[in-house]
> 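First the structure, which I've put down as structure tokens, then a few questions once you've had a look.
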Amino acid sequence: MTQQDSVTVAENSTQQVDGVQVVENAEEPGLLESPQKMLIRPVSVQGVMEHSLQHRERVGVQDFVLLEDYRSEAAFIDNLKKRFHENIIYTYIGNVLISVNPYKNLPIYTEEKTKLYFKKAFFEAPPHVFAIADNAYRSLVYEHREQCILISGESGSGKTEASKKVLEYIAARTNHLRNVENVKDKLLQSNPLLEAFGNAKTHRNDNSSRFGKYMDIQFNYEGGPEGGHILNYLLEKSRVVSQMHGERNFHIFYQLLASSDQSLMTHLKLQGRPEAYKYTSDSTSHMSQRANDQEQFRVVQEAMKVIEIGESEQREIFEIVASVLHLGNVKFVQNDKGYAEILSHDANSGNAADLLKVNATALREALTNRTIEARGDVVSTPLDVEQAQYARDALAKAIYDKHFSWLVSRLNSSLAPIEKDAKSSVIGILDIYGFEIFPKNSFEQFCINFCNEKLQQLFIQLTLRQEQEEYLREGIEWEPVEYFNNIIICDLIEARHKGIISILDDECLRPGDATDASFLDKLNQHLDGHQHYKSHRKSDTKTQKLMGRDEFCLVHYAGEVTYNVNTFLEKNNDLLFRDIQSLMASSDNTIVGCCFKDYNLRSKKRPETAITQFKNSLNDLIKILSSKEPSYIRCIKPNDFKAPMQFDDKLVSHQVKYLGLMENLRVRRAGFAYRRTYEAFLERYKCLSAETWPNYRGAARDGVQRLVEALQYEKEEYRMGNTKIFVRFPKTLFATEDAFQIKKNDIATIIQSRWRGYYLRKRYLRMRNAAIVIQKWVRRFLAQRLRERRRKAADVIRAFIKGFITRNGPETPENRRFLGVAKVHWLKRLSAQLPTKLLDLSWPPCPSTCREASEELHRLHRAHLARKYRLALSPDDKKQFELKVLAEKIFKGKKNSYLSSVGERFVNDRMSPEHRTLRDTFMASPAWPSGEELIYSCEAVKYDRRGYKARARGLLASRAALYVLDAGGRRTFRLKHRLPLDRLTVVVTNESDSLLLVKVPRDLKKDKGDLIISVTHLIEALTIVTDYTKKPELIEIVDTRTIAHSLVNGKQGGTIEVTKGTQPAIQRAKSGNLLVVATP
Ligand SMILES: Nc1ncnc2c1ncn2[C@@H]1O[C@H](COP(=O)(O)OP(=O)(O)O)[C@@H](O)[C@H]1O
Ligand SMILES: [Mg+2]
């Protein structure tokens, strides 16, 4: 693509891109639709081809076999054009790919697009060169059938690009394999190298290949590329010495001249720009081109590195290229004898000789003289200027041509597989010039067109064979197809002895004055009358006007071509003078030496003519190709201006004719237009019959049979093969497809609802699963928490039990908590069970560790009760207690009757009610001193000191004295004694008796000795009195059995005996003593 082209594309890009998108939509349904839809309709099964049928009004059909009017060239071209304007450059005729050069970069070779073709059948993806490549690759690897891909078309139609795409696809396809990088690099890099030396800018193509190329890619058993081999055909060597105006010489000349490597340039003695050299001076080179050449030179050097062409080899190659440039500048002058001579100061011949490493003088000699061997004599004759120039140009051409062939063989040795694998197989790619028809056609066009004629023949043979084989495989009766067999033309050209080639060779080899004109005569002589040969002589006047007298016309399969016989002989002879050949063979430049050495060996024998060489190599090629399974890529150039989006109907129509596409289509359509495996057909159209929708359970073939019946196909319209259905007319298929498109809307609704159902159910399930997950985690969390709580509870219980077991031991960390709880519980219990009565001595039990506290509490509680009790006491009661305490002090443990006194309340009046009046009367009498306070009064019995006679008495006590009253009179009390309290001592026994011995001091006047009385409440009486006297010492308690008492004046009186008995009594005993009987 030229610079200008890319600019145009850039300017239009939006529109272009839109265009491409429309295309993609039409042909690649899966790509632009939403992923959801893709899920529903896998492209692989449905078939892209059928899908695109619904857009056929706009984008045409992607396979020409579906053209309704397949015999109409106009319809054919219209289909191509429609597609071209939609940026769809590829179309099939069956399995032949038609490619129209877009002259702009289309986004159809991206990695993504490449992957689309991995392992796909033709109808599964839009037509593409990748589909061809993938098909070939798969047949090779999986079915072990060797493949060749034949690419043909006019110069500039995109052959070389297509071959590169095939190579790139195979590289990408084998990317996953190991150890193939190196080989792939070399294979890919062979292109820029060969293009530099073999391509040139022409009117038709800026990068036109000027040689034919057949490349084998060799694969190992794994399908990995392991090597390659290249065959080259007919380099257009005349280009080395002259080009048409506006065209260029081979790229390498300009690239070398643009090199920035100064030392290389000095070594090659090159200077200046292409205009400085005759062979490159025709072209007008632009600076921008120069920059491009410079860049390309770097690419070439890089490629050489990859191909493993060493420094010294590179140098020799460049020396050869430079030597050709120098040769071109060699000038001849006519000397005085009329012969050619090279001036001695002409540096060009010297430079050329230096670079070719031959002797400079010898070179000059060889260029200006010719040695002829005639009848054993060797004669050297000088050349005239014209002849010398011819010799010079012949040398330049020969050097360049041979060196190009050497380069190819050098490439081959580098591409040769390291280990030859016995099971290896190849894919061949043939990129060769297509049919050429110029206003003036010469020897080269003759060769090229012959080649195309041969290839066409091969093509017809193989296509028919394939078609026939398919019918056979499918068990369908073969219907003979009418086709034009061009073998008749091939024979016309190459038949032994009578073909054009034989006649030409004969003319070249025969002695005598053979000329181009004599050759034409011979042709006319032998071939006039052949239906594919036309001579000027025998043509009608109309043709004669168009044809020159020095021309003949061949009716090729593609059309008539008129050839001018001028230079046929010269070019066929391809003579290089012997002197020059042997000089070159002696060159020290190893490449040159190697290129020319054959000549010396075969010095006697004439070399084969150019056309014979070509014919032989062509037949070899045909042999190679027919042993392989072919795929075809037919390239078409849409216009002559290398311009995008321009479609020249007339130009295309020509090419369609030359490429024999209509014939091809006719053969393909002779039987059935459409064929598809039962599975694929059923999958796509099953919805058109209730029996097959949504799924047919039986064999696909039966399903298709039912479907076809439902669709009411006529018997003539289809055949059922072994694995495929064959449909004869496109209209049948279109009707089916249209029905499908209508039906699709219904199905879409169903699918949509199913999809939605499926989608929502999936979402629901996802949500449910999520909910379950959440639930699970929550449960887990709760269970863990519960377990934790239980564990803690168990710990607490265990600690409690341990605490319980050790509760009586000292406090330890283990039982501390238990004890604490026990204390609390005890305290609570205690508070509810506290005794409320002072006299209640009960006290609730306590834990052993609380014993001390318990006792203390008990004590406090008792103190508290006591205090409460005390505070509640009346003054009377209080006095009562004081008296009881006093009684205790005096009598407890000392007198047996004490205990019985405790329970009885002390009162200070023990008088019987009748005596009480007597007492009151007494106290009102003067015997009772005024102011005297009565503190105690009671009944008493007095025993006489002699005789112990009992006498009733009243007893009163005041603060000061004791009054003994005689109660015998019954009406009054009579005072018997008044005894001052502070002088009396009292003796009582320790027994429970009520005896009281009052010792009265002697000095008291009316003393009659000790007073013996009994008082019922003895302890009460004594206590109350002592309370007033504050002299307890006055009371004497004795525990003797006998007590002596004194009489008046202290004389020894009687004795009181104390004994125990059941009945208390105080009486006179028989002994005369007073007997006191105390209860125990
Ligand atoms: N598929 C393609 N896409 C874009 N440009 C192309 C394509 N094929 C060919 N061309 C353009 O056309 C030019 C000529 O193609 P080329 O393959 O060299 O033709 P041929 O080998 O048939 O003479 C290329 O240099 C390129 O610019
Ligand atoms: Mg090419």
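Indexing begins at 1, ligand by ligand and atom by atom, following the structure's order. Heavy-atom basis, side chains included; hydrogens, waters and symmetry copies ignored.
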> Classify the contact between K104 and ligand 1 as side chain, backbone, both or neither, using a heavy-atom distance cut-off of under 4.0 Å.
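Answer for K104: backbone.
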> Taking the minimum heavy-atom distance to atom 17 (O) of ligand 1, which of R204, E161, K213 ranks first?
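That would be E161.
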> Tell me if the centroids of the rings in Y233 and Y433 come within less than 6.0 Å of each other.
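No, they do not, as the ring centres are separated by 6.0 Å or more.
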> Check the angle between the aromatic planes of F568 and F443 and answer parallel, tilted or perpendicular using the 30° and 60° thresholds.
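F568 and F443: perpendicular rings.
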> Is S208 near ligand 1, meaning one of its heavy atoms is under 4.0 Å from it?
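Contact absent.
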> Flag Y109 as yes when one of its N or O atoms lies below 3.5 Å from any N or O atom of ligand 1, and as no otherwise.
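N/O-N/O distance under 3.5 Å: yes.
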> With respect to atom 19 (O) of ligand 1, which of D206, N207, N205 exhibits the smallest heavy-atom separation?
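The residue whose heavy atom sits nearest atom 19 (O) of ligand 1 is N205.
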> Atoms of ligand 1 less than 4.0 Å from Y103 heavy atoms?
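Listed by number with element, the hits are 12 (O).
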> Given V100, I636, N101, T202, identify the one with the heavy atom nearest to atom 5 (N) of ligand 1.
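Selected option, by shortest heavy-atom distance: N101.
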> Should G156 be counted as touching ligand 1, given the test is an N or O pair under 3.5 Å?
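Yes, at least one N or O pair falls under 3.5 Å.
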> Are D63 and R668 within salt-bridge range, i.e. N to O under 4.0 Å?
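Salt bridge flag = no for R668 with D63.
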> Can you give me the OG-the Mg ion (ligand 2)-OG1 angle for S209 and T160, to 10°?
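OG of S209, the Mg ion (ligand 2) and OG1 of T160 span an angle of about 90°.
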> May I ask you to check whether K159 has an N/O atom sitting below 3.5 Å from an N/O atom of ligand 1?
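Yes: some nitrogen or oxygen of K159 is under 3.5 Å from one in ligand 1.
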> Any side-chain donor paired with an acceptor under 3.5 Å for S627 and E146?
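No, no side-chain donor-acceptor contact under 3.5 Å.
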> For T91 and R83, which I'm curious about, is there any donor-acceptor pair between the side chains at under 3.5 Å?
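Note: T91 and R83 side chains meet the donor-acceptor criterion.
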> With a heavy-atom distance limit of 4.0 Å, tell me whether S157 approaches ligand 1 through its side chain, its backbone, both, or neither.
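Contact part for S157 vs ligand 1: both backbone and side chain.
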> Would you say the side chains of Q296 and Q255 form a donor-acceptor pair under 3.5 Å?
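The answer is no; no qualifying pair exists.
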> Does any N or O of ligand 1 fall below 3.5 Å from an N or O anywhere on G158, backbone included?
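Such a contact does occur with ligand 1.
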> If we ignore angles and hydrogens, is there a donor and acceptor under 3.5 Å between the side chains of N207 and E195?
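Yes, a side-chain donor-acceptor pair sits under 3.5 Å.
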> So, does C635 sit close enough to ligand 1 that a heavy atom of it is under 4.0 Å from the ligand?
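C635: no contact with ligand 1 (<4.0 Å).
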> For F459 together with Y632, are the ring centres under 6.0 Å from each other?
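Centroid distance Y632-F459: below 6.0 Å, so yes.
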> Which of the numbered atoms in ligand 1 are below 4.0 angstrom from a heavy atom of E154?
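Counting from 1, the qualifying ligand atoms are 22 (O).
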> Cut-off 3.5 Å, side chains only: do K642 and N101 have a donor facing an acceptor?
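No, because no side-chain N or O of K642 sits under 3.5 Å from a partner of the opposite role on N101.
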